[in-house]
Amino acid sequence: MTDSAATTRSRPLIDPRKALSFAGAVWFVTAAIGQLAFVLYIAAFYYVSTFQGDFARMDSRVIHGFINGDLLGNALFLSHVLLAFWITASGPMQFIPQVRNRFRTFHRWNGRFYLTVALLTSSGALMLTYLRPHFGSPALLFVNTADGVLIIAFGCLALRAALKRRFDDHRRWALRMFIAVSGVWFFRLGYGFYFFITAGEMPGSHNLSGPADIAVASTWIFALAGLEFYLLAQRRRSGAIKLVAAAMAIAAAGAVLVSSYFAAHMFWLPTLAA
Ligand code: HEM
């Protein structure tokens, strides 16, 4: 046997490192498509209603919305849904390597903008949550509070790592922040997925208080765990771990596409049609 034949035989069919980064890119593209649907919904519903001064229309969509005499709560609610557009639109661009490498100034300014909007949205959302009567179970309150607090914590850690020029750490904290910021989007996708796997029956889901509601509200936590596994697989030399993480990322990408489709039909399209 020649040396070149031996080399050909021992070379693995799939390069685990390439498979992992390909799977990560596939997941990211599906997430960007799903977030585009969410951002279009926010623009078409909240921005159009605001420009038309139709606040009753917005009330029909949420639990509290505008409350007579609650000036602070109403201002926080309106700014929350309007800022939601900017945070969802600006986030994904930060993670496109071609944009990050070729347009560094844009990456820096968009990053500052994304972080500022994230901090404003999360601190405002936490105030809104605790100033007004709670809805859903205490577990839901805990999951939402954890989301708001972690967005702030991950954002500060991403900024600190960037200032210290530790760019690997910066990337990891920014990715964690992106998952936490996407918590509301994951919540909708969670319902879409649950609808799909239970053929619309959705047992255990009632008034945001059932066990299924808490599991669905925790979708972003499962996504965060998935991200940690992906990051671990990137660091480890084991090809097997990389291939398992790649398979999981591809499965997650499929779930994102299916869930986005059902979320659009359950939440976004009916709201726009009403
Ligand atoms: C940072 C990313 C976030 C985005 C993009 C976002 C987006 C939204 C959107 C679009 C709505 C309107 C409901 C809908 O049409 O689906 C909403 C409502 C709401 N959000 Fe957020 N949100 C974020 C973070 C949070 C966090 C961390 C909390 C809690 C700490 C929170 C608390 C709320 C509450 C309480 C409402 C309902 C208001 C009501 O019923 O009156 N949000 N959010």
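Numbering of ligands and ligand atoms starts at 1, following listing order. On a predicted model such as this, the values are computed, not experimentally measured, just so you know. For the numbers below, each heavy atom of this structure counts, side chains included, while hydrogens, waters and symmetry mates do not.
Taking atom 26 (C) of ligand 1 as the reference point, the nearest protein heavy-atom neighbour is A125 CB, 3.5 Å. Of the protein's non-hydrogen atoms, V184 CG2, 3.4 Å is the one closest to atom 23 (C) of ligand 1. Nearest to atom 10 (C) of ligand 1 among the protein's heavy atoms is F38 CZ, 3.9 Å. Annotation: atom 30 (C) of ligand 1 to nearest protein heavy atom, N144 O, 3.4 Å. Protein heavy atom at the shortest distance from atom 37 (C) of ligand 1 is F135 CZ, 4.2 Å. If you check which protein heavy atom lies closest to atom 2 (C) of ligand 1, you get V181 O, 3.2 Å. Counting only heavy atoms of the protein, atom 12 (C) of ligand 1 lies nearest to Y46 OH, 3.1 Å. Closest to atom 29 (C) of ligand 1 among all protein heavy atoms lies T129 OG1, 3.5 Å.
Both W86 and M58 sit in one connected hydrophobic cluster of ILVMFWY residues. Membership requires side-chain heavy atoms under 4.5 Å apart, directly or through other members. The hydrophobic clustering, which links ILVMFWY residues whose side-chain heavy atoms are closer than 4.5 Å, places M248 and L257 apart. Using a 4.5 Å cut-off between side-chain heavy atoms of Ile, Leu, Val, Met, Phe, Trp and Tyr, with links allowed through other members, V149 and V184 fall into the same hydrophobic cluster. Grouping the Ile, Leu, Val, Met, Phe, Trp and Tyr side chains by contacts below 4.5 angstrom, directly or via other members, places Y41 apart from L269.
The aromatic rings of F38 and W268 lie tilted to each other, with the angle between the two planes from 30° to 60°. Below 30°, between 30° and 60°, or above 60°: for Y130 and H134 the angle between ring planes is above 60°, a perpendicular geometry.
Residue contact check: G148 has heavy atoms under 4.0 Å from atoms 27 (C) of ligand 1. Under a 4.0 Å criterion applied to the non-hydrogen atoms of I151, ligand 1 contributes the atoms 1 (C). Residue-ligand proximity, V81 to ligand 1, at heavy-atom distances under 4.0 Å covers atoms 11 (C), 12 (C). Which parts of ligand 1 touch V62 is read off a 4.0 Å heavy-atom cut-off, strictly below it: atoms 12 (C), 13 (C), 39 (C), 40 (O). Taking a cut-off of under 4.0 Å to the non-hydrogen atoms of I87, the atoms of ligand 1 that pass are 1 (C), 5 (C). Listed by number with element, the atoms of ligand 1 under 4.0 angstrom from any heavy atom of T88 are 5 (C). Counting atoms of ligand 1 from 1 in the listed order, those under 4.0 Å from a heavy atom of A84 are 5 (C), 7 (C).
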Could you check Y191 against F195 for ring-ring contact (aromatic ring centres under 6.0 Å, His included), going step by step and ending with a plain yes or no?
CA-CA 6 Å; Y191 275 118; F195 184 93; over 10 Å; no
Determine, step by step, whether F66 and F77 satisfy the ring-ring contact (aromatic ring centres under 6.0 Å, His included) criterion, reporting the C-alpha distance in whole Å, the side-chain angles of both residues, the deciding distance to 0.1 Å, and the verdict.
CA-CA 7 Å; F66 295 96; F77 168 70; 5.1 Å; yes
Evaluate the ring-ring contact (aromatic ring centres under 6.0 Å, His included) criterion for residues Y47 and F85: first the C-alpha distance (whole Å), next the side-chain angles of each, then the deciding distance (0.1 Å), finally the verdict.
CA-CA 9 Å; Y47 274 78; F85 172 88; 5.5 Å; yes
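Under 4.0 Å is where a charged nitrogen must lie from a carboxylate oxygen, and between D169 and R172 at least one such pair does.
Under 4.0 angstrom from ligand 1, there are no non-hydrogen atoms of W185.
A side-chain donor-acceptor contact under 3.5 Å links D213 to the backbone of H206. The closest donor-acceptor contact from the side chain of K242 to the backbone of R237 lies at 3.5 Å or more, if one exists at all.
At least one N/O-N/O distance between I63 and ligand 1 falls below 3.5 Å. Any N or O atom pair closer than 3.5 Å counts here, and R188 shares at least one such pair with ligand 1. For ligand 1, the polar-atom distance check against H64 finds a nitrogen or oxygen pair separated by under 3.5 Å. Checking only distances, T121 never comes within under 3.5 Å of ligand 1, N or O to N or O. Any N or O atom pair closer than 3.5 Å counts here, and H80 shares at least one such pair with ligand 1. For a threshold of 3.5 Å applied to N or O pairs, the pair formed by G65 and ligand 1 contains at least one separation below that value.
Within the 6.0 Å centre-distance limit, the rings of F95 and F178 are counted as a close aromatic pair. Ring centroids of H265 and Y261 are separated by less than 6.0 Å, placing the two rings close together. Ring centroids of W220 and F187 are separated by 6.0 Å or more, keeping the two rings apart.
In this structure, Y41 counts as a contact residue of ligand 1, since one of its heavy atoms falls inside 4.0 Å of the ligand. For the pair F267 and ligand 1, no heavy-atom separation below 4.0 Å is found.
For atom 39 (C) of ligand 1, a protein heavy-atom neighbour is present inside the 4.0 Å cut-off.
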